[in-house]
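Below: the structure, in structure tokens.
For ligands, and for the atoms within them, numbers begin at 1 and follow the listed sequence.
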Amino acid sequence: MMKKTALPIGVFDSGVGGISVLRELVALMPNENYIFFGDSANAPYGTKTLDEVVELTCKDAAFLYEQGVKAIVVACNTATSAGVKILREHYTTIPVIGIEPALKPAVLSAKHPTVLVMATPMTLREEKFKNLMHRFEQDAKIIPLPCPGLVEFIERGELESEELEAFLRKLFAPFKEVDAVVLGCTHYPFAKKMIGKILGEEVQLFDGGAGTARETKRKLEEFALINPSLEEGKVVILNSAKDPEMIALCERLLYL
Ligand code: DGL
């Protein structure tokens, strides 16, 4: 029988965005094995109802659990805000790690900065984000910015198109003075180059990928699940869209 520590870490997202978390996990723990599941057939999640996203989140986690994973990483801010609590109640024997917008480092980046928080409408609407915002609202001017439509560009592999540039220019047009931007959806780090081009280099961009990878490592240590192998681990990528193009896109994003 395979040792428990050698079992893969399951990582899922509504689509290809979670690859931005997977690449941080692989960078931090290259000797672990991974199964990444992207639910591109049902993306985007962020504009669906809460009930729909809870149901999809539970299905995604169940699918990974059936593959025999030793931990589940919810590499999706939307799914985390909708369902991580439910998953933790259900899967009590393995760690379940979620992601949330990296608001803290953005708030601490300057003295009372203006911080734009880009995320899906659901992430910004849910209790989890409201609580996070209350914690820091004395220290910064925090502006939640729902970005419906942005996920679709990334799902199409459009990271530098003129259409993406026009979409983002329109989105940012009302905000003249911004110090920091939180990329509060795991798809958005793939638009970083374009966001930087529009807002300028002085505006710092923050995402939760690296923090989530560190938290995953801490949890694996706590559960004595760190893989002691010195060999490079395996990464398996699966996608509900059943389109080989989606797997190719995930591979491209992983090694970007
Ligand atoms: N990647 C997801 C997130 O981090 C959600 C995108 C979506 O499906 O709307 O929020």
Side-chain angles (χ1 to χ4, degrees), residues 10-25 36-61 63-64 72-85 87 96-103 106 116-130 132-133 144-159 164 167-168 171 181-192 195 205-213 215-216 237-241 246 249-250 253-254 256:
V11 183
F12 79 86
D13 178 40
S14 63
V16 304
I19 296 285
S20 66
V21 180
L22 179 65
R23 66 181 176 184
E24 299 291 348
L25 286 161
F36 177 85
F37 176 65
D39 190 16
S40 292
N42 292 302
Y45 282 10
T47 45
K48 290 186 165 49
T49 67
L50 182 62
D51 285 351
E52 284 171 323
V53 177
V54 167
E55 196 184 327
L56 291 167
T57 300
C58 290
K59 266 193 196 158
D60 298 337
F63 173 73
L64 285 176
I72 295 176
V73 179
V74 185
C76 176
N77 292 264
T78 309
T80 299
S81 46
V84 79
K85 241 176 107 185
L87 297 186
V96 176
I97 298 95
I99 186 167
E100 64 177 19
L103 188 56
L116 270 189
V117 185
M118 300 171 70
T120 68
M122 177 166 300
T123 298
L124 298 174
R125 205 169 54 223
E126 283 307 306
E127 204 53 34
K128 207 167 189 306
F129 178 71
K130 292 210 175 107
L132 185 68
M133 192 164 148
L145 178 60
C147 309
L150 183 48
V151 161
E152 287 87 331
F153 281 97
I154 313 300
E155 285 289 305
R156 290 194 296 269
E158 253 186 87
L159 313 185
L164 175 63
F167 176 93
L168 287 170
L171 192 72
V181 174
V182 177
L183 307 173
C185 163
T186 56
H187 283 71
Y188 303 170
F190 295 116
K192 221 169 174 173
I195 294 170
L205 308 179
F206 295 88
D207 74 78
T212 302
E215 175 62 9
T216 303
I237 296 175
L238 305 170
N239 194 290
S240 59
M246 291 318 280
L249 173 59
C250 286
L253 297 176
L254 185 57
L256 212 61

Inset, instruction - Using distance alone, decide if ligand 1 has a nitrogen or oxygen within less than 3.5 Å of any nitrogen or oxygen in T120. - result: no
Inset, instruction - Would you mind telling me if ligand 1 is within reach of the side chain of D13, the backbone, both or neither, using heavy atoms under 4.0 Å? - result: side chain
Legend entry - Donor on one side chain, acceptor on other, E155 and S40, under 3.5 Å: yes
Legend entry - Which segment of T78 sits under 4.0 Å of ligand 1 when only heavy atoms are counted: both
Inset, instruction - State the atoms of ligand 1, each with its element, that fall below the 4.0 Å cut-off from a heavy-atom position in C185. - result: 1 (N), 2 (C), 3 (C), 4 (O), 5 (C), 6 (C), 10 (O)
Inset, instruction - Could you tell me the separation between the CG atom of L87 and the CZ atom of F12, rounded to the nearest 0.5 Å? - result: 5.5 Å
Inset, instruction - State, to 0.1 Å, how close C185 and A119 come at their nearest heavy-atom pair, and which atoms those are. - result: CB-CA, 4.5 Å
Legend entry - Residue pair N77 / Y188, side-chain donor-acceptor N/O under 3.5 Å: no
Legend entry - Protein contact of atom 9 (O) of ligand 1 - nearest heavy atom, named by residue and atom, plus distance: G46 N, 2.8 Å
Legend entry - Given V74, V84, T186, T216, the one that forms side-chain contact (heavy atoms from CB on, under 4.5 Å) with I99: T186
Inset, instruction - Look at atom 2 (C) of ligand 1 and say which protein heavy atom is nearest, naming residue and atom and giving the distance to 0.1 Å. - result: C76 SG, 3.2 Å
Inset, instruction - For ligand 1, indicate whether the residue S14 contacts it via side chain, backbone, both or neither (heavy-atom separation under 4.0 Å). - result: side chain
Inset, instruction - May I ask you to check whether H187 has an N/O atom sitting below 3.5 Å from an N/O atom of ligand 1? - result: yes
Inset, instruction - For V151, counting its heavy atoms only, list the atoms of ligand 1 lying under 4.0 Å from any of them. - result: 6 (C), 7 (C), 9 (O)
Inset, instruction - Around atom 7 (C) of ligand 1, find the nearest protein heavy atom and jot down its residue, atom name and distance. - result: Y45 N, 3.2 Å
Legend entry - Exercise: identify the closest heavy-atom pair between N42 and K48: O-NZ, 2.8 Å
Legend entry - Taking every non-hydrogen atom, the tightest pair across V182 and A106: CG2-CB, 3.6 Å
